[in-house]
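Some notes on the structure that comes next.
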2 protein chains.
Amino acid sequence: MTNATTKKRPRKPVRTAKQRRSKETVEVILESATRILSDHGWAALNTNAIAKRAGVSVGSVYEYFPNKHAIIDIILDRHLAQGEALINHGASVISDNPSAEAVVQILVAGFVGIHSDDPKLHRALSSDVPLNGAQQNRVDAVRAKIINLTSAALSTHVKDPKTKATLLVDAADALTHRWLVDEVGVPVSAEVLSNELENMLRLYVLTA
Amino acid sequence: MTNATTKKRPRKPVRTAKQRRSKETVEVILESATRILSDHGWAALNTNAIAKRAGVSVGSVYEYFPNKHAIIDIILDRHLAQGEALINHGASVISDNPSAEAVVQILVAGFVGIHSDDPKLHRALSSDVPLNGAQQNRVDAVRAKIINLTSAALSTHVKDPKTKATLLVDAADALTHRWLVDEVGVPVSAEVLSNELENMLRLYVLTA
DNA sequence: CTATATATTGAATAAATACTCAGATATTTC
DNA sequence: GAAATATCTGAGTATTTATTCAATATATAG
């Protein structure tokens with residue numbers, strides 16, 4: 001028309017929240033998505049449901065997130081950050097007492113912690129949500145970091161620390177996950193099993 | 001109309017294949033679905049794709065399967081049957097040589113087998129396809145059976161065989177799965193790790 | 001051969017849901 | 001307080017995909 005000043009908003013804005021109001025909106029969207037994921041799993045996580053539970057409109061969701069997976073990105077990042085905090089804490093404890101027993105004890109305690117905080121969310125993120133390549137890489141990187149730290153801590157105690165570290169870390173992770181997070185009928189209590197796991201791993205590093 | 005003899009086919013037939021032709025159709029549909037699942041995962045498994053790859057029309061799929069999940073049912077059943085065959089074989093070997101070492105050896109070898117046959121399919125079925133309650137129960141039942149057999153085999157050797165059996169079975173399953181099936185960058189070869197796992201488990205049952 | 005049961009087809013339907021956009025409303029800036 | 005910027009709305013669009021069904025073809029029985 002004659003109106004030459006028509007403002008063309010870019011097709012897909014995806015703004016960064018500037019004002020307090022919008023920052024709250026972003027948070028409320030993330031919380032909503034996290035709860036849906038935790039309570040009802042990936043299958044129930046659709047953008048309309050996220051908006052509804054957050055008490056905002058779908059449009060707002062797409063104002064701050066280019067697509068659904070970008071929401072997962074943030075949720076995953078925050079979850080991994082918690083895990084990394086536990087790792088860093090563990091690393092500092094080990095540097096004070098670098099015995100093989102301590103490594104095992106910290107590892108098991110750390111993974112119990114990771115799997116106890118929000119088990120449902122952890123389950124959703126680790127075996128329900130289909131992670132894309134980049135997301136899987138981030139998860140793998142955390143795992144690699146734990147293995148490397150463990151390997152370094154073991155290097156003065158055992159031969160072939162890389163192999164031992166891989167086994168220790170994967171065993172602690174996989175078994176605490178299965179007993180604390182998966183809802184399989186475990187015939188023995190998770191606590192007993194965690195202790196037993198620690199015994200087994202200790203025996204393994206001390207003997208080998 | 002005046003035609004009182006109009007045949008009303010039931011709304012949803014879901015026939016059982018009677019003739020050779022249709023039995024082949026059923027098989028070809030199952031093979032198609034299995035390949036798609038194995039090669040491209042759950043996300044790529046839709047009924048139209050199944051029909052296309054099978055070289056039949058979608059209608060034929062629904063002639064023999066009430067819905068998509070019923071196809072998974074059969075694929076899962078067949079996969080679990082293979083696992084149970086390995087279990088039964090293991091149980092018979094153990095009955096010949098009921099030593100604790102043999103139990104560990106058979107367990108690790110068995111899970112390596114389960115995870116080596118068609119790793120991609122196993123991965124899809126165990127962590128990609130969203131199993132419904134009944135399907136998950138069937139999987140859990142197989143796990144329980146393995147634990148019970150292991151527990152029985154250990155009962156003359158160790159104290160608290162149930163706990164030990166749970167740990168052995170879950171460790172063998174989870175770790176072979178991670179190393180053979182998941183595509184995480186394992187810093188050590190799967191073979192080395194399987195051996196090491198067997199060493200660790202042997203040490204554990206023999207010492208405890 | 002004809003009738004009847006069995007098998008196959010694939011376009012059409014229906015439902016779910018990711019994502020858009022044009023038009024409000026609110027906040028900040030000057 | 002008016003213009004500019006930021007935020008919000010939610011009905012509407014587009015796409016995907018599970019499922020149906022009326023028409024058609026093949027096999028078997030009498």
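As a whole-Å value, the separation of Ile36(B) CD1 from dT17(D) P is 12 Å. What separates CD of Glu24(A) from P of dC8(D) is a distance of 9 Å, to the nearest Å. Arg15(A) places its CZ atom 13 Å from the C1' atom of dA26(C), with the value rounded to the nearest Å. Separating the CG atom of Asn67(B) from the C1' atom of dA15(C) is a distance of 15 Å, rounded to the nearest angstrom. Regarding Lys68(A), its NZ atom lies at a distance of 13 Å from the C1' atom of dT16(D), rounded to whole Å. Rounded to whole Å, the distance from CZ on Phe65(A) to C1' on dA18(C) is 16 Å. Counting to the nearest Å, the C1' atom of dT8(C) and the CD1 atom of Ile50(B) are 17 Å from each other. Taking atom CZ of residue Arg21(A) and atom P of nucleotide dT9(D), one finds them 8 Å apart after rounding to whole Å.
With dT17(D), dA6(D), dA27(D) as the candidates, the nucleotide lying closest to the side chain of Asn46(B) is dT17(D). Listed nucleotides dC8(D), dT9(C), dC19(C) differ in distance to Thr25(A); the shortest reach to its side chain belongs to dC8(D). Checked against dA18(C), dA18(D), dT28(C), the side chain of Thr47(B) finds its nearest nucleotide in dA18(D). Considering only side-chain atoms of Val58(B), the nucleotide from dA18(C), dT9(D), dT19(D) that sits closest is dT19(D).
Comparing Arg20(B) and Asn48(B) by the nucleotide of DNA chain C whose heavy atom lies nearest to each, the residue mapping closer to the 5' end is Arg20(B).
Taking side-chain N and O atoms only, Ser57(B) has a distance below 4.0 Å to OP1 or OP2 of dT9(C). At dT20(D), none of the side-chain N or O atoms of Tyr62(B) fall inside 4.0 Å of OP1 or OP2 (strictly under the cut-off). Distances shorter than 4.0 Å separate some side-chain N or O of Tyr64(A) from OP1 or OP2 on dC8(D). Between Ser22(B) and dA7(C), a side-chain N or O to OP1/OP2 separation shorter than 4.0 Å is present. Of the side-chain N and O atoms in Ser60(A), none sit less than 4.0 angstrom from OP1 or OP2 of dT7(D).
Two residues are said to be in side-chain contact when any heavy atoms from C-beta on lie closer than 4.5 Å; Asp73(B) and Phe65(B) fail this criterion. Side-chain atoms of Arg20(B) and Glu24(B), non-hydrogen and from C-beta on, do get closer than 4.5 Å to each other.
Residue Asp170(B) is tested with Arg143(B), Arg178(B), Lys164(B) for a salt bridge (charged side-chain N to carboxylate O under 4.0 Å, His left out); the sole match is Arg143(B).
For the 3.5 Å distance criterion, the side chains of Lys162(B) and Asn148(B) qualify, holding a donor opposite an acceptor. Side-chain contact of Asn88(A) with Glu84(A): a donor-acceptor pair under 3.5 Å is absent, judged by distance alone.
Backbone-only contact: Ala17(A) has heavy atoms under 4.0 Å from sugar-phosphate atoms and none from a base. At a threshold of 4.0 angstrom between heavy atoms, the contacts of Val61(A) with the nucleic acid are absent.
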